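Inspection log for the structure reproduced underneath, given as structure tokens.
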Amino acid sequence: MQPPNSLKHAPVYERIYAIARQIPPGKVATYGQIAAMVGSCTARMVGYAMAALPYGSDVPWQRVINRQGKISLRAGGGGSRQRQLLEAEGVHFDPKTDSVDFNQVGWSGPDWEWLDYHGFQPAPVWGRRKDEK
DNA sequence: CTTCTGACGAAAT
DNA sequence: CATTTCGCCAGAA
């Protein structure tokens, strides 16, 4: 029997949100990074999940950014809001490139105990291009 | 029921 | 360096 909090069989979005909620203040994770931890998930799906979050969600959506260390915003704007929240947490943006330094604020993911307890397994291969190989 | 579409990212071209 | 292709969830119309 799985632990009561196991998310091994939970919907993908739920698994994504669970991981995102573990990102500590002052740190950031990328869409692809979260997808890899969730397993059977792509960076795009993480983006979809973030976009589907209701206003006032307990998920720290502002700590999820793209691989270039920049903020990905929805059509329309609101990006300044996200940057403001991150800077308030101590995340520094290079004024020249408008990107963050992953070596400085990059998140390494939950500790192995958390992952194991919630039924997450090491992410296998996730983006096989072409039909094989 | 079907169709549309939205915070991404890596490899190939 | 710029563009294209593909992965394939969830909710609205």
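Note that this is a predicted model, so its numbers are computed, not measured. Just so it is clear: chains get the letters A, B, ... in the order the sequence lines come, proteins before strands, and each one is counted from 1.
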Tabulate protein N/O versus nucleotide N/O from nucleotides 9-13 of chain C, keeping only pairs under 3.5 Å, one per line.
from   : atom 1 : to       : atom 2 : distance (Å)
dC9(C) : O2     : Tyr13(A) : OH     : 3.0

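- Ser57(A) pairs by the side-chain hydrogen bond (donor to acceptor under 3.5 Å, both in side chains) definition with nothing, not counting sequence neighbours.
- Between the CD1 atom of Ile65(A) and the P atom of dG9(B) there is a distance of 9 Å, rounded to whole Å.
- Every pair tested for side-chain hydrogen bond (donor to acceptor under 3.5 Å, both in side chains) that includes a residue from residues 2-12 of chain A fails, sequence neighbours excluded, so the list is empty.
- Judged as a ring pair (Phe, Tyr, Trp, His ring centres under 6.0 Å), the pairs with a partner in residues 93-116 of chain A (not counting sequence neighbours) are, in order, Trp114(A)-His118(A), Trp114(A)-Phe120(A).
- Within residues 95-108 of chain A, no residue has a heavy atom under 4.0 Å from DNA chain C.
- With sequence neighbours excluded, the residues that form a side chain to side chain contact (heavy atoms under 4.5 Å, CB included) with Asp101(A) are Asn103(A), Gln104(A).
- Scanning for salt bridge (Lys or Arg N to Asp or Glu O under 4.0 Å) contacts around Asp98(A) gives Arg83(A), with sequence neighbours left out.
- Contacts of Pro11(A) classified as side chain to side chain contact (heavy atoms under 4.5 Å, CB included), with partners at least two apart in sequence or in another chain: Glu14(A).
- Ala51(A) pairs by the side chain to side chain contact (heavy atoms under 4.5 Å, CB included) definition with nothing, not counting sequence neighbours.
- Summarising the geometry, the separation between CD1 on Ile34(A) and P on dG9(B) is reported as 10 Å, rounded to the nearest angstrom.
- Between the side chain of Tyr13(A) and the backbone N or O of Leu53(A) there is no donor-acceptor pair closer than 3.5 Å.
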